[in-house]
Amino acid sequence: MEPEIPKIYSPETIEPQWARQWVEQKLYRPSDDPASPRFSLTIPPPNITGLLHMGHMLEHTEIDILMRWHRMKGENVLWLPGTDHASIATQMIVERELGREALPDLEPGPAAQSAWQREGQRRRQEMGREKFIERCWLWKEENGGTIREQMKRLGASCDWTRDRFTMDPAYTRAVVEVFVRLYEEGLIYRGKYIVNWCPRCGTAVSDLEVVHEERKGKLWYIRYPIEGGGGHITVATTRPETMLGDTAVAVNPSDPRYREKVGTRVELPLLKRFIPVVADDFVDPKFGTGAVKVTPAHDPNDFEIAERHKLPRIEVINEEGRMTDKAGPYRGLDRFEARNAVVKDLTAQGLLEKIEDHMLSVGICQRCHSVVEPRLSTQWFMKMKPLAEPAIRAVEDGRIQVVPDQYRKIYLDWMGKIYDWCISRQLWWGHRIPAWYCLSCGVVTVARQDPSACTKCGSTSLRPETDVLDTWFSSALWPFATLGWPDDTPDLRLFFPQNLMIMGFDILFFWGARMIMMGMKFMNEAPFRELYIHALVRDAERQKMSKTKGNVIDPLEITEKYGTDAVRFALAISAAPGTDIVVSPDKFDSYRAFANKIWNAARFVLMNYRKLPEKVQQQIAEALRPMPGLGFDAVAAPENLALADRWIFSRLLATTGEANEALGHYRFHEAADKVYHFFWHELCDWYLEWVKPEITQTAAEPALATWINLTRVLEAALHLLHPFMPFITEELWHEITRRPREESISHAAFDLVSDRVADPISEKQFQTIQELIVAVRNAKAELSLQRQRPSVQIACEDLRVLELFRAHLDSIHRLAGIEATNFTRGRMTGETAGVHHTATFDLRILHEEKVDPAAERLRLEREREKLEQALAQSKKQLDNQSFMDRAPRDVVRGVERRNAELTEHHRKVLESLERLGKT
RNA sequence: GGGCGGUUAGCUCAGUUGGUUAGAGCGUCUGCCUUACAAGCAGAAGGUCAUCCGUUCGAGCCGGAUACCGCCCACCA
């Protein structure tokens, strides 16, 4: 900071410097000393395809606050950063890029996007697997670091020397190791089942990657003629095109309508095939007609019915969503075109009985929003039940704490009814499944290294598996694979298990649950001790932010405008656990104002500090080092401090305690709020105002004790604020302490956990003075005398209070804006108008205007009414014997005290009214 | 079809185990350019805590029901 300190805080000139320095100095690399208490956390790795959005920023802000807080507590903190290869997302982006190169002239837009995508897919096939993967790596090198650079700019206190990527060679080794071990144990298997198939992406996806959407659909009632004449059975379906693959009609065995038909055959319209009528408990007689068409190759329920009845499975829809040869005349049609054609033909043949509107939930591909097709296909699966059990117990018995608690139950519910996980993807970018097929005998070899020959028959003609693993397979290993597993590394020994994991609810099952399962399986313990689920960020209309809605707030943009610290603070103070958080420019504005307030408070102190004789400056700086934390010494011992100094110190201690408590429970909003209130409304509004004359005077005798206390409190306040606002506090800390630029507030010792209790006597005394000052300001405002400095008359029965006022008369005069005070012991009985009462004192502004008796009466009457209401309530409680008997003593005493105060205040008001009446 | 969360000031939200007078920010109104800050200072107005019933000496908070809003899970064609 130059001697001329600007009045307006400009984050844009200060933040980038520190951000750069922190990274260059490797400031947040933990020590490798196993003796010091450690705190470790791995970042939820953002996708390399991603740009930083507000959700990231919230997550990183919360993490960073905690990391900086733990560092302040003297712990050895590791925040390990990294990125995820995002198999499907990356492949799509690279494909689109290929498509765009081939078709550069298209007008950008949704239509072009899908054209590029299709063309890109074609070109991918053309160039082949190896070339395409090379291309993906290239893309990753060029774009995959964007988020990392953004995070650095936002001051995330990661250890960048430990940056990891899910496709690093070492990490890939861990993935292969896990796959092979699980396969050898029979927990990974291969089989032909119905899976969710995305025809657009051309791959299977897991259940979790399918989102369900309520859509208006129809229920078509189709007549299946009974073989040999004699009527028909009507089935209802939401997907008429699948009838082409029907291999049975099923009815409930107890359904009297169809009992006789079971075992007979019906004719499948359009294709003229005959299919049996079977009885199965699955069928609900109350739905539709009570008869169900069975399409084993395209419906999971029908698949199971077919298993039970040994029915054939006919695939009529292919991997592109088009009808197969088995669909006869409909072959080659898209599945939705086929639907229309089938309905049209059935209508023409008079076999369509009716059509009803029907709401149904449609499965949509999470990635590309295509309608997912349940499709028979050979895939790799992970058996989940045996893996889930230990992961359930770890949460049940508290080895992992889930915060907020509501998510514990959601986790347990989901884990309780978990299904096997389809882990193979028909994609190229990702971890290739380490399996080889023998072209001679057909046996599958799963191995850590490329096998040269078949393990069964020794043939050397092997075909490697082409499928890759679901991205979430590799991220499930994140908490230990990033630390060097499967090797027994020092990092693994020192930092595993992680102390904490933070994530959004949206990936609790995708990632959180699977990490716990893999941790239990391969490390024999929970991968982290606590799991904190953070809120979702929404815009001012409570909408979830998304690119398609166009309501995305770009953190970098907003940060540039308001400052990182302000945005961080706005997020933190809005982040109550378990609730969504709403952000808006308004909010950022108010916390930018807060940053400016901090800046100016420090500026004020510094400006005056620099006017002090050099010797005094030295003395003050001396008192700040070595870091005394919150300790006192001889100069600034409590008995040498004035009331205001003791008061602000007491408030500082209380605030520190509250902020610690709140952060310990992830109550970011509460911690931020306490610190905010302390800094602005106690430190600035009262304390700085109070000591202003002492520190602005350049008198021969600087108030050394006050100066020391002031700088200490300010320094402590910067520490308190630092986790929330790292940049401005780093900057100001250097100015206040005059420490070298190479040092950092984040590593400065600070006695955060103080065993000192607050100082209730000073607090009470200061509070009484505050009451008086506020009362005078009020009275002045009521009389519109704000511009003047009138004299006042104060009467008080309590001699100690009177003494207190007298002792601080100058401050009171200055802060209340009055000229002189006339004190009386006792009550104000001789005056007829303009008297303001409180329980402890009476107050009258002396001024020339005649007080209007009518207005005066109105004011007092209103006051009387309020007091009487309050009195009635406290009396009621005191008269209630049950309350007196059962309520705790301190509650009763509180009511009694209040009642006494009210009574006193009320009596004074009544007396004033009476006197007023006499005039 | 199950499960969960929400409903508090004009707006956005706090309110930790039930306890005296329900808070904050923004907005509104009044007055101040008081030599740190007008992105500021000093004041003010504004709430039957969604509704009903219950438990209790005492309920914004605990229990039950209702209404509306939102979310998650689910293989009923």
Side-chain angles (χ1 to χ4, degrees), chain A residues 5 7-9 194 207 212 219 235-239 242 250 282-284 286-295 299-304 358 360-361 374 406-407 409-410 413-414 417 505-506 508-509 536 540 542 566 570 573-574 576 578-584 586-587 589-608 661-662 665 667 669-670 673 676-677 684-685 688-689 692 696 774 777-778 780-782 784-787 814-817 866 870 873-874 877 880-888 890-899 902:
Chain A
I5 306 168
K7 280 167 101 167
I8 304 287
Y9 171 55
I194 294 262
D207 294 343
H212 293 273
L219 199 53
V235 298
T237 180
T238 54
R239 304 192 50 202
T242 62
F282 168 79
V283 180
D284 176 4
K286 290 190 285 293
F287 188 91
T289 60
V292 184
K293 57 188 275 311
V294 180
T295 320
D299 183 284
N301 293 313
D302 294 2
F303 178 83
E304 284 178 17
H358 183 70
L360 72 163
S361 106
Q406 39 179 303
Y407 294 111
K409 201 173 170 301
I410 296 177
D413 282 354
W414 187 77
K417 50 184 181 187
F505 172 71
D506 50 339
L508 176 59
F509 305 138
L536 285 175
R542 310 208 96 256
I573 208 163
S574 313
T579 56
D580 291 341
I581 80 165
V582 177
V583 292
S584 62
D586 260 7
K587 249 183 203 167
D589 240 337
S590 28
Y591 298 105
R592 171 172 60 175
F594 181 46
N596 198 47
K597 187 75 183 175
I598 298 168
W599 181 259
N600 275 289
R603 170 171 173 260
F604 173 58
V605 172
L606 285 166
M607 275 178 0
N608 289 293
E661 172 76 14
H665 294 95
R667 303 174 64 81
H669 69 298
E670 196 178 310
D673 183 69
Y676 175 93
H677 183 263
C684 290
D685 286 353
L688 283 185
E689 290 302 328
K692 199 175 258 185
T696 49
V774 169
R777 286 169 178 169
N778 266 317
K780 278 179 66 184
E782 253 174 59
S784 300
L785 293 174
Q786 287 103 325
R787 311 187 68 152
R814 192 165 43 81
L815 296 179
K866 270 191 188 160
Q873 205 182 333
S874 63
Q877 276 183 298
N880 183 336
Q881 198 55 45
S882 295
F883 172 76
M884 299 301 281
D885 292 345
R886 298 194 198 196
D890 57 324
V891 173
V892 174
R893 266 210 307 269
V895 176
E896 279 169 350
R897 192 164 46 235
R898 171 163 166 73
N899 187 262
L902 286 169

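In what follows, every chain begins at residue 1, and chains take the letters A, B, ... in the order their sequences are listed. Quick caveat: nothing in here was measured; it's all calculated off a predicted structure.
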With distance as the sole criterion, is a donor-acceptor pair present between the side chains of A:D885 and A:Q881 under 3.5 Å?
yes
[X] [atom1] to [N] [atom2]: how many Å, rounded?
X	N	atom1	atom2	result
A:D299	B:C75	CG	P	11 Å
A:F509	B:C72	CZ	P	11 Å
A:Y591	B:G25	OH	P	8 Å
A:K417	B:G3	NZ	P	10 Å
A:H212	B:G2	NE2	P	18 Å
A:R897	B:U21	CZ	C1'	14 Å
A:F505	B:G70	CZ	P	18 Å
A:I410	B:C73	CD1	C1'	9 Å

Using atom C1' of each nucleotide, how far apart are B:G10 and B:C52 to the nearest Å?
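It works out to 27 Å between them.
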Between B:A65 and B:G6, how far apart are the P atoms? Round to whole Å, please.
16 Å
Using heavy atoms to find the nearest nucleotide of RNA chain B for A:D413 and A:V292 separately, return the residue whose nucleotide is more 5′.
A:D413
When you match A:R239 and A:V895 each to their closest nucleotide on RNA chain B, which lands nearer the 5' end?
A:V895
Side-chain donor or acceptor of [X] paired with backbone N/O of [Y] under 3.5 Å:
X	Y	answer
A:R603	A:I5	yes
A:S784	A:K780	no
A:N600	A:K7	yes
A:R777	A:G817	no
A:N596	A:Y9	yes

Between N or O atoms, less than 3.5 Å apart, protein on one side and nucleotides 15-17 of chain B on the other: list the pairs.
unit_1: B:G15; atom_1: OP1; unit_2: A:R667; atom_2: NH2; d: 3.2

Would you mind classifying the nucleic acid contact of [X] as base, sugar-phosphate or nothing, using non-hydrogen atoms under 4.0 angstrom?
X	result
A:A870	nothing
A:N301	base
A:P888	base

If we only count heavy atoms from C-beta on, is the A:W599 to A:I8 side-chain gap below 4.5 Å?
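The answer is no; the side chains never approach within 4.5 Å.
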Got A:M884 and A:N880 here, is their nearest side-chain heavy-atom distance under 4.5 Å?
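No. Closest side-chain heavy atoms not under 4.5 Å.
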Minimum-distance nucleotide to A:K587 side chain [options: B:U12, B:G25, B:U21]
B:U12
Which nucleotide in B:C75, B:C76, B:G3 has an atom nearest any side-chain atom of A:P300:
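My answer, after comparing the listed nucleotides, is B:C75.
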Looking at B:U21, I'd like to know if its phosphate oxygens (OP1 or OP2) sit under 4.0 Å from a side-chain N or O belonging to A:Q873.
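Answer yes for this pair, as a side-chain N or O of A:Q873 is under 4.0 Å from OP1 or OP2.
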Between [Y] and [X], is there a salt bridge with N-O shorter than 4.0 Å?
X	Y	result
A:K409	A:D413	yes
A:E689	A:K692	yes
A:R893	A:D890	no

With B for base contact, S for sugar-phosphate-only contact and - for none (protein heavy atoms under 4.0 Å), nucleotides 33-43 of chain B reads ---BBSBSSSS
Which heavy-atom pair separates A:P374 from A:R239 by the least distance, and what is that distance?
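Heavy atoms only, the tightest pair is CD-NH1, 3.9 Å.
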A:Y676 and A:F594 aromatic ring geometry - parallel, tilted or perpendicular at 30°/60° bounds
tilted
If one requires at least 3 consecutive Watson-Crick or G-U pairs with distances under 3.5 Å, the stems of RNA chain B turn out to be B:1-7 with B:67-73, B:10-13 with B:23-26, B:28-32 with B:40-44, B:50-54 with B:62-66
